[in-house]
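Okay, so here's the structure we're looking at.
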Protein chains: 2
Amino acid sequence: MTRRHNRTRAERGIPEATVARLPVYLRALHSLQERGVVTVSSEELAAAAGVNSAKLRKDLSHLGSYGTRGVGYEVDYLIYQISRELGLTQDWVVAIIGVGNLGRALAGYGGFASRGFRVAALLDADPAVVGAEIAGLTVRHIDELERVIDEHGVSIAVIATPASAAQALCDRVVAAGVTSVLNFAPVVLSVPEGVEVRKVDLSIELQILAFHEQRKAGGPGESAADDWSKGLSGHGDGPRRERPPGTSEYIEAVEA
Amino acid sequence: MTRRHNRTRAERGIPEATVARLPVYLRALHSLQERGVVTVSSEELAAAAGVNSAKLRKDLSHLGSYGTRGVGYEVDYLIYQISRELGLTQDWVVAIIGVGNLGRALAGYGGFASRGFRVAALLDADPAVVGAEIAGLTVRHIDELERVIDEHGVSIAVIATPASAAQALCDRVVAAGVTSVLNFAPVVLSVPEGVEVRKVDLSIELQILAFHEQRKAGGPGESAADDWSKGLSGHGDGPRRERPPGTSEYIEAVEA
DNA sequence: AGACGTTTGTGAACACGCGCACAAAGTCAC
DNA sequence: GTGACTTTGTGCGCGTGTTCACAAACGTCT
Ligand SMILES: NC(=O)c1ccc[n+]([C@@H]2O[C@H](COP(=O)([O-])OP(=O)(O)OC[C@H]3O[C@@H](n4cnc5c(N)ncnc54)[C@H](O)[C@@H]3O)[C@@H](O)[C@H]2O)c1
Ligand SMILES: NC(=O)c1ccc[n+]([C@@H]2O[C@H](COP(=O)([O-])OP(=O)(O)OC[C@H]3O[C@@H](n4cnc5c(N)ncnc54)[C@H](O)[C@@H]3O)[C@@H](O)[C@H]2O)c1
């Protein structure tokens, strides 16, 4: 009964799952707005956003009571409320670190600026890239990282360098005061508490797709090559489970 | 007691949350392997993957009992098992649709091939791009989509076109037999049951970061300009929630 | 062989998110 | 004003995912 430590609570808190969906609603709303729609019901908006309508209503209810029963939600008003909740009514200054294939694509992407994200700086270590002008910005040398962050008031760092450099660069931007990082490098970044890291990992997405694709095709290890010679490390060969990965329906634990 | 229809169950089923983490474990394991590590404990591997060790053990237990108590997991063996479960022991043929900034970056990315994903085709609608050779492949015209899918036995389609074209292209690849789609366009794709879609949306990631960044700074609408004229539709002004929002910087549709 | 330290695999409690279903609240027609 | 209809906001049960904590299993050392 001693309601002691309410760790992760926070009455003011919007569930993380909801936060992740708000941008989707926002996009759908903008699309409706462009088409001149003034009012939308939860059912319609949910369909446009690809979610359950009850979920949508519950999500929106976390921001307040902005709907009108019997009518629906006013598009403009809702756009404003969601934008405000997400912090899109102010500009966020972004720096892209690593101007390779991916960094270049990001730098030239219009979808950022349109939502209040301003790419203010590009940084790289390669002398062949530093100094070049890309998407209207001159690439700065990575040595200037701290100065650039301070100069522009960068609040979000995008890391698009090889994995090997990511953690060190992450440490530097965090030390320089940045508390939000978007990471494209295939590594798990470790950061102190209070710093938010989100990662985008194409390779993982593909692997998840592969898993489901394989499942549809009839489970793993369909080929007979189900054996693991186990000839590697020179452990004794004796007391080893010879469980050959047994996919589901195979022999199991025949430990004689 | 009548354990009848276990809809979404499936005794053979690995939880989705687990599937999403397996690639992370795999990456950590490869890293350990390169460093010559032979055996790893759940504690160490969990640290490397950035998760709780109990979670890791439970995840792995879904694949089978591949650990040794008092010792840990054998790196090579575990890599093999996870790879097999994810379907990475076979090759998956990928087609990239839309060879713009992003498509180009993806085409030239080495991280795909290294895990059993083979980019076999690039397609685009722009005559200026069709026929060009990128990353060793000749860009085909989008009209040939169905033929290309069939020719190469494409099983995963990556959509990197503008949002406006995404749904139509998705419909076409699905009609052509593809059941796995990785979507970069900022739209919610609707697909028939049995088709798996995963989306990567940078804009959403940034907005989530912005939300947390704003929260740290003291919640939304920090300015006092919390008014929303609400002068829109001529509803009575009486029974109106007077929840005011409306930051200064945008009056909207004040059609008196 | 037996005791000891280590680490897995998992039962159980807990937290979170989802979706149904419905009362309350509003609109609209007359 | 009244009644019928529409749609929101939410209480509730359910399933999924996370974490703790511990017995059982294993290797090692004596
Ligand atoms: N290109 C893709 O489609 C793709 C897909 C998935 C993941 N990724 C990941 O994104 C990251 C970038 O990919 P890419 O294809 O652009 O690689 P890239 O090699 O083309 O570009 C990396 C850039 O980072 C710069 N760099 C290296 N070390 C640096 C440092 N210490 N400080 C500053 N800059 C540094 C390099 O000079 C280069 O310009 C990689 O981690 C990659 O694994 C890329
Ligand atoms: N570049 C980025 O960093 C970035 C970031 C986030 C999201 N995105 C999204 O990814 C998608 C691609 O972005 P991009 O920057 O590469 O755009 P882009 O305009 O550079 O490239 C789009 C390509 O698609 C081709 N295309 C258009 N219609 C087509 C059709 N019907 N069939 C085949 N090809 C067609 C175009 O010819 C062009 O080559 C967009 O939806 C964008 O919103 C891009």
Side-chain angles (χ1 to χ4, degrees), chain A residues 3-11 13-22 25 38-47 49-75 77-78 81 233 235-236 238-241 243 252-253 255, chain B residues 3 5-11 13-22 25 38-47 49-75 77-78 81 233-241 243:
Chain A
R3 51 164 61 263
R4 204 72 50 78
H5 47 49
N6 270 356
R7 263 285 151 254
T8 355
R9 262 295 296 295
E11 186 52 53
I14 295 178
E16 193 55 31
T18 294
V19 173
R21 280 187 297 267
L22 289 179
Y25 303 154
V38 174
T39 286
V40 67
S41 73
S42 65
E43 203 71 51
E44 296 167 315
L45 184 52
V51 302
N52 181 291
S53 69
K55 196 194 302 194
L56 178 129
R57 287 196 297 275
K58 191 161 288 185
D59 282 344
L60 295 185
S61 78
H62 285 115
L63 318 190
S65 259
Y66 297 143
T68 305
R69 293 168 190 233
V71 177
Y73 300 87
E74 194 177 330
V75 174
Y77 190 56
L78 197 50
Q81 288 300 344
S233 43
H235 293 324
R240 218 31 176 150
R241 73 183 100 50
R243 168 104 33 98
E252 259 197 7
E255 71 165 53
Chain B
R3 50 166 64 264
H5 52 52
N6 273 354
R7 261 285 152 252
T8 349
R9 264 294 294 296
E11 187 51 54
I14 296 178
E16 193 57 32
T18 295
V19 173
R21 281 187 295 266
L22 289 180
Y25 302 155
V38 174
T39 286
V40 67
S41 73
S42 65
E43 204 69 53
E44 296 167 315
L45 184 52
V51 301
N52 181 294
S53 71
K55 197 193 301 194
L56 179 131
R57 286 196 301 274
K58 189 157 286 187
D59 282 343
L60 294 184
S61 77
H62 285 116
L63 318 190
S65 260
Y66 298 142
T68 304
R69 294 167 189 234
V71 178
Y73 302 86
E74 194 178 330
V75 174
Y77 190 57
L78 197 50
Q81 289 299 343
S233 41
H235 296 321
D237 63 335
R240 225 16 183 161
R241 70 182 102 51
R243 174 81 39 83

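No experiment lies behind these values; they were computed from the predicted model shown. Below, chains carry the letters A, B, ... as their sequence lines are ordered, and counting in each starts from 1.
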Whole Å only: how far is the [atom1] atom of [X] from the [atom2] atom of [N]?
X: K58(B); N: dT16(D); atom1: NZ; atom2: C1'; result: 12 Å
X: L56(B); N: dG17(D); atom1: CG; atom2: C1'; result: 15 Å
X: L45(B); N: dT7(C); atom1: CG; atom2: P; result: 14 Å
X: L60(B); N: dT10(C); atom1: CG; atom2: C1'; result: 13 Å
X: N52(B); N: dA15(C); atom1: CG; atom2: P; result: 16 Å
X: R21(B); N: dT18(D); atom1: CZ; atom2: C1'; result: 8 Å
X: E74(A); N: dT7(D); atom1: CD; atom2: P; result: 16 Å
X: K55(A); N: dT8(D); atom1: NZ; atom2: C1'; result: 18 Å

Taking only the side-chain heavy atoms of [X] (C-beta and beyond), determine which of [options] contains the nearest atom.
X: R57(B); options: dG17(C), dG9(D), dC22(D); answer: dC22(D)
X: Y73(B); options: dC20(D), dG9(C), dG9(D); answer: dG9(C)
X: S61(A); options: dC18(C), dT10(D), dT8(C); answer: dT10(D)

What heavy-atom pair brings [X] and [Y] nearest, and what distance separates the two atoms?
X: A46(B); Y: S53(B); result: CB-CA, 3.5 Å
X: V51(B); Y: R21(B); result: CG1-CD, 4.1 Å
X: Y25(A); Y: L45(A); result: O-CD1, 4.3 Å
X: Y73(A); Y: R57(A); result: OH-CG, 3.8 Å
X: H62(A); Y: K58(A); result: ND1-O, 3.0 Å

(request) For A54(A), answer base if it contacts any base atom (sugar-phosphate contacts may also be present), sugar-phosphate if it contacts only those atoms, and nothing otherwise; contact means non-hydrogen atoms under 4.0 Å. (result) base
So, is [X] near the phosphate of [N], with a side-chain N or O under 4.0 Å from OP1 or OP2?
X: S65(A); N: dG9(D); answer: yes
X: Y66(B); N: dT7(C); answer: no
X: S42(B); N: dT7(C); answer: no

(request) By nearest nucleotide on DNA chain D, pick out whichever of V71(A) and D59(A) is the more 5' one. (result)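 The answer here is V71(A).
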(message) Base of dT7(C), side chain of R69(B) - is there a donor-acceptor contact under 3.5 Å?
(response)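 Donor-acceptor pair under 3.5 Å: no.
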(request) Would you kindly compare G70(A) and P15(A) by the position of their nearest DNA chain C nucleotide and give the one closer to the 5′ end? (result)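 Closer to the 5' end of DNA chain C: P15(A).
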